[in-house]
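Keep in mind that what you see is a predicted model, and the values were worked out from it rather than measured.
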Amino acid sequence: MHHTSREGRLAAALVEAADTLIEDFDTEEYLRRLADHCVELLSAWAAGIVLIDGGEAVALAGSRRGGREEMALDLLAAQHNSGPCLESYGSGRPVPPVSISSAQVAARWPEFTERALRHGVVATFAVPVRRHETLLGALNVFEPALPNSASDNGRSEVAVAQALADAAALGLENHRAYTRSRSLAGQLQEALSSRVRIEQAKGMLAERWKVGTDEAFIALRGHARRHRLPLDRVARSVIEGDLWIDCDHCI
């Protein structure tokens, strides 16, 4: 039976992380998928991702693989004051694998280490979710054993997690740019459509009254101002025959 290599699975995960130019993009589902890939590729117990904006957590997601999603979310929630996620996000650098019991003895991340030990987590590390100099959050990995951060395997785990986090940052930033672009395009299209409707209404009134389009526009605008209505709404009503403006009265 053929098994996809770790490199192949990593490549597929990175491609998926970059595929965010879609309209029905779900940020939390996207982050869950990324956390699942992290668990699968690293054989970790669980993983969690937090996105931070303005110093506040704006999105949390835990891996579903292994049935430990609640555990991952609980360990992310325990980091509102301190923890590997906040430390990695604050420095913009990875927090290397660390023993939970050692961190507890050193009074490092007290609430987080207490909950992690309760869940049976032996070790953890975190990497920043960043795009160039822009920090978006952090990815936290929870493990049943402490990898040797000085060994090739330990360094490899951190490198794989960082590659996934970097791909996520790129995907998230691309989606934000895509959303802004679509929003701007929609605004421009609506502005153009509005202008077309106003011109059409002016033409209809000018033809009806046998006057110039400037005079028709003054009447249209005057009606909108007196009734505190958007000019485009008045123009649409004129076009659809829902509004009758008397020329002598409005001018």
Side-chain angles (χ1 to χ4, degrees), residues 15-36 49-62 64 69 73 76-77 80 89 129-138 165-251:
V15 169
E16 182 180 320
D19 185 17
T20 57
L21 303 185
I22 53 177
E23 291 185 32
D24 58 345
F25 180 76
D26 184 326
T27 300
E28 291 190 5
E29 178 61 24
Y30 172 79
L31 296 178
R32 285 192 201 99
R33 288 282 300 160
L34 191 78
D36 283 341
I49 303 173
V50 57
L51 297 184
I52 300 172
D53 188 17
E56 298 291 331
V58 294
L60 297 174
R64 289 164 296 195
E69 182 178 7
L73 292 175
L76 291 179
H80 54 86
Y89 174 79
V129 177
R130 66 188 178 206
R131 178 62 180 156
H132 297 310
E133 300 305 314
T134 303
L135 285 163
L136 305 179
D166 289 345
L170 175 59
L172 291 167
E173 286 291 276
N174 282 346
H175 182 71
R176 289 177 182 178
Y178 172 74
T179 301
R180 287 193 297 267
S181 175
R182 287 187 60 83
S183 176
L184 178 59
Q187 292 170 12
L188 292 174
Q189 182 59 52
E190 179 55 32
L192 177 60
S193 299
S194 174
R195 186 63 188 170
V196 169
R197 284 190 292 269
I198 292 169
E199 291 297 322
Q200 186 178 351
K202 280 168 51 178
M204 290 175 64
L205 293 176
E207 176 65 23
R208 181 187 303 165
W209 298 334
K210 306 303 180 186
V211 299
T213 54
D214 288 345
E215 191 175 0
F217 178 70
I218 292 172
L220 195 68
R221 184 179 60 190
H223 182 90
R225 286 178 175 176
R226 280 193 301 278
H227 295 276
R228 297 182 179 180
L229 295 170
L231 184 58
D232 178 57
R233 180 175 170 183
V234 174
R236 189 192 297 269
S237 296
V238 169
I239 295 168
E240 295 175 353
D242 297 331
L243 176 66
W244 185 270
I245 300 176
D246 182 79
C247 182
D248 294 332
H249 174 75
C250 292
I251 301 177

- Rounded to the nearest 0.5 Å, what's the gap from CZ on Arg236 to CD on Gln200? Could you check? 11.0 Å

- Could you give the distance from NE2 (His132) to CG (Leu170), rounded to the nearest 0.5 Å? 8.0 Å

- Message: Rounded at 0.5 Å granularity, tell me how far OG1 in Thr213 sits from CD in Glu207.
- Response: 12.0 Å

- Task: For His223 and Val234, work out which heavy atoms get closest and say how close.
- Result: CD2-CG1, 3.9 Å

- Query: Does some side-chain heavy atom of Leu231 sit less than 4.5 Å from a side-chain heavy atom of Phe217?
  - Reply: yes

- Mind listing the closest non-hydrogen atom pair of Ala206 and Ala216 along with its distance? N-CB, 3.8 Å

- Taking every heavy atom of Val129 against every heavy atom of Ala169, the minimum-distance pair comes out as CG1-CB, 3.8 Å

- Determine, for Asp36 against Arg32, whether the closest basic-nitrogen to carboxylate-oxygen distance falls under 4.0 angstrom. no

- Item | Over all atoms of both residues, closest heavy-atom pair of Ala61 and Leu76 | O-CD1, 3.6 Å

- Message: Is it the case that atom CZ in Arg208 sees more than 12 heavy atoms from other parts of the structure closer than 6.0 Å?
- Response: yes

- Task: Check Gly62 against Leu73 and note the closest heavy-atom contact, atom names and distance.
- Result: N-CD2, 3.6 Å

- If you measure from CZ on Arg221 to CD1 on Ile198, what distance do you get to the nearest 0.5 Å? 11.0 Å

- Which atom pair, heavy atoms only, marks the closest approach of Leu34 to Ala168? CD2-CB, 3.3 Å

- Query: Can you tell if the side chain of Arg130 reaches within under 4.5 Å of the side chain of Asp166, non-hydrogen atoms only?
  - Reply: yes

